[in-house]
Q: 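I'd like to ask you about the structure that follows.
Given the structure is predicted, the values throughout are model-derived calculations rather than measurements. Numbering of ligands and ligand atoms starts at 1, following listing order.
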Amino acid sequence: MKLPILVIIATAAFLAEALLAAPLRPNILFIMSDDHAWQAVSAYGESRHLIQTPNLDRLAREGMRFDRCLVNNALCGPSRASIITGTYSHINGFYNNSNCRFDASQITLPKLLQQAGYQTAVIGKWHLESDPTGFDHWEILPGQGIYYNPTLIRNGQRIKHPGYVTDIITDLSLDWMKQRDPAKPFMLLCWQKAPHRSWEPALRDLDFDHDRTYALPESLFDDYSGRGLAEHDQNMTIAETMRLNEDCKLTVPRDLTPEQQRVWEAYYTPRNAAFLKKNLTGRALTEWKYNRFMHDYLGCIKGVDDNVGRLLKYLDDTGLATNTMVIYSSDQGFFLGEHGWFDKRWIFQESARTPLLIRWPGQIRAGSVNKALVSNLDFAETFLDLTGVPVPDRMQGHSLVPLLQGTTPADWRNAFYYHYYEYPADHHVRPHYGIITDHYTLAHFYAPDVDYWELFDREKDPGEMRNIYGDPAYARIQTNLVQEVFRQRMELKEPAQDDPRAFGGNRQSPTPLKTGADNTAKP
Ligand code: CA
């Protein structure tokens with residue numbers, strides 16, 4: 001039967017429209033590292049030029065680089081809980097790494113994708129205390145795991161693997177992709193342990209930087225003037241907190257085989273002897289520690305980048321690349337000597353901002369850059385959007401799909417709410433909440449023995465060194481931002497008083513919020 005040409009055109013148009021409206025259902029390969037600072041991804045072009053990351057840069061070149069991806073609570077477990085639930089810590093109940101256990105009965109991204117016909121797997125660091133649920137396959141490090149010859153728990157069974165953790169997590173991820181059912185789409189969470197403390201590189205990479213001397217960050221010797229007790233009373237400086245032994249490798253890591261230990265000692269022992277002979281003190285000692293930290297930390301990043309290259313090659317070789325969205329991110333950022341610090345936790349940019357690179361052939365314009373405020377809360381809704389699964393009401397992010405396709409919605413968020421709890425714990429960073437906008441960071445340090453606000457103009461002061469809270473020149477901006485933080489606390493259903501478990505550590509009892517910190521008070 002011959003159809004009139006107009007009918008053919010109309011039918012083709014209808015089919016094309018139906019195709020566009022249908023869920024795209026790509027495979028999802030979500031590679032996440034642990035504590036990978038955006039300053040240590042060369043695609044972000046940080047001024048110290050700390051390292052070249054050619055494989056991560058390839059994702060940026062072939063996909064989209066997000067310049068303002070933020071996390072809601074810059075700590076390993078809480079960020080992961082937020083990623084898989086699409087909710088803030090006060091909704092999912094995982095506030096800190098001290099006393100929280102993830103409630104696996106709640107709605108999660110992997111459960112929803114599994115129900116929608118995806119094959120789901122998580123391989124690598126999990127760190128949520130309870131076993132993973134919603135995964136066809138899981139293979140996780142116990143707790144933090146170790147770098148050399150680690151044990152992983154495969155669907156409940158502990159198996160020790162010879163070798164280096166970043167290679168092993170990648171090998172296991174490749175193995176899983178090879179044996180999956182090719183008829184179904186998949187979501188694989190390949191979640192690396194590296195470059196988490198205590199920063200132990202692959203033995204083959206120990207000499208990767210040829211004893212380079214690293215440029216110092218401008219604020220390495222920050223005296224915290226103009227800022228409050230929280231900054232003065234933290235315990236996370238390279239100078240005081242970073243330990244010479246395991247952090248700076250004056251002692252040999254546990255768990256090496258004798259052969260591995262020989263390789264380790266061939267590199268570190270002569271360098272450690274030269275260091276000890278110099279008897280460094282004061283700033284010179286801090287600068288040496290910073291350089292050793294950079295060597296070890298960036299050596300771990302080299303291993304991550306090389307292994308991202310292996311995963312991308314597999315996608316190329318198998319033809320999977322065309323229908324697989326590849327996401328690279330970290331559970332939060334990291335201080336690389338800024339403010340004299342290592343670690344994370346703070347609302348400040350080195351910590352709350354995390355790298356995000358997404359490649360999605362045919363949908364994302366290659367080499368695009370997005371400067372919208374996006375977050376770790378957005379991943380779950382993005383993946384649900386791709387698969388056509390309705391987003392549960394409790395989720396608190398937004399789908400990134402329109403941004404990936406080149407259109408940031410006009411009503412996209414322009415202020416992101418942040419809330420950190422764990423105290424005193426390892427680094428003695430006081431609980432605080434606040435908001436981050438394009439230009440400003442506003443924070444309220446509210447417990448247990450403090451009650452003060454800080455405001456930073458990141459346009460003029462990108463290093464967040466000069467607290468301008470109370471400066472009359474910023475009065476109107478300050479009022480608007482404070483109103484916005486309380487508006488968001490209401491909208492996000494923040495309780496007026498924190499959950500008694502929220503601080504973890506030695507603080508099991510609730511601390512009443514002080515004036516100005518409840519949802520209704522006006523500052
Ligand atoms: Ca982390």
Side-chain angles (χ1 to χ4, degrees), residues 30-41 56 69-85 88-89 92 94-102 122-129 132 140-147 150 165-166 169 189-201 234-236 241-242 247 293 296-301 303-305 307-308 327-338 341-357 375-377 379 418-423 425-429 504-505:
F30 183 1
I31 310 166
M32 188 162 79
S33 49
D34 191 330
D35 294 359
H36 189 172
W38 52 267
Q39 308 94 297
V41 176
L56 296 178
C69 182
L70 304 167
V71 302
N72 58 305
N73 180 358
L75 201 57
C76 305
S79 179
R80 283 151 213 271
S82 290
I83 287 170
I84 64 162
T85 62
Y88 275 87
S89 310
N92 64 54
F94 202 102
Y95 296 93
N96 61 64
N97 288 339
S98 299
N99 64 348
C100 289
R101 180 180 175 84
F102 184 70
V122 58
I123 297 173
K125 184 165 174 184
W126 176 247
H127 206 221
L128 291 175
E129 299 301 322
I140 58 168
L141 293 163
Q144 293 281 7
I146 56 173
Y147 276 99
V165 69
T166 310
I169 289 169
L189 309 182
C190 173
W191 284 3
Q192 297 289 357
K193 167 190 173 58
H196 193 277
R197 191 183 184 186
S198 48
W199 321 298
E200 295 165 23
Q234 42 65 39
N235 182 20
M236 51 185 278
T241 314
M242 188 179 280
D247 287 337
F293 166 43
D296 295 342
Y297 179 90
L298 298 170
C300 290
I301 302 293
V304 170
D305 186 71
N307 276 289
V308 167
I327 296 99
Y328 183 82
S329 191
S330 170
D331 57 349
Q332 66 325 275
F334 211 66
F335 293 96
L336 302 180
E338 299 90 352
W341 294 337
F342 65 99
D343 211 71
K344 53 267 182 177
R345 298 163 194 272
W346 303 83
I347 194 173
F348 303 133
Q349 288 292 293
E350 294 82 2
S351 158
R353 183 182 152 195
T354 196
L356 178 61
L357 308 167
S375 81
N376 60 337
L377 295 166
F379 297 142
Y418 181 89
H419 195 162
Y420 170 80
Y421 303 86
E422 188 176 271
Y423 180 85
D426 289 342
H427 293 296
H428 220 251
V429 175

Q: Indicate the ring-plane relationship of H428 and Y423, choosing parallel, tilted or perpendicular according to the 30° and 60° boundaries.
A: tilted

Q: Considering only N, O or S atoms, which atom of D34 is nearest to the Ca ion (ligand 1)?
A: OD1

Q: Examine Q332 and say whether one of its N/O/S atoms is closer to the Ca ion (ligand 1) than 3.0 Å.
A: yes

Q: With the Ca ion (ligand 1) as the point of reference, which N/O/S atom of D331 is the closest?
A: OD2

Q: Are D34 and R80 close enough for a salt bridge, meaning some N to O gap below 4.0 Å?
A: yes

Q: Answer yes if the side chains of Y147 and T166 hold a donor-acceptor pair under 3.5 Å, and no otherwise.
A: no

Q: Does the distance from a Lys or Arg side-chain N to an Asp or Glu carboxylate O, for R197 and D35, drop under 4.0 Å?
A: no

Q: Check whether the side chains of S198 and D247 place a donor and an acceptor atom closer than 3.5 Å, and report yes or no.
A: no

Q: Work out the angle at the Ca ion (ligand 1) between OD1 of D35 and SG of C76, rounded to 10°.
A: 110°

Q: Distance check below 3.0 Å: does H196 bring an N, O or S atom to the Ca ion (ligand 1)?
A: no

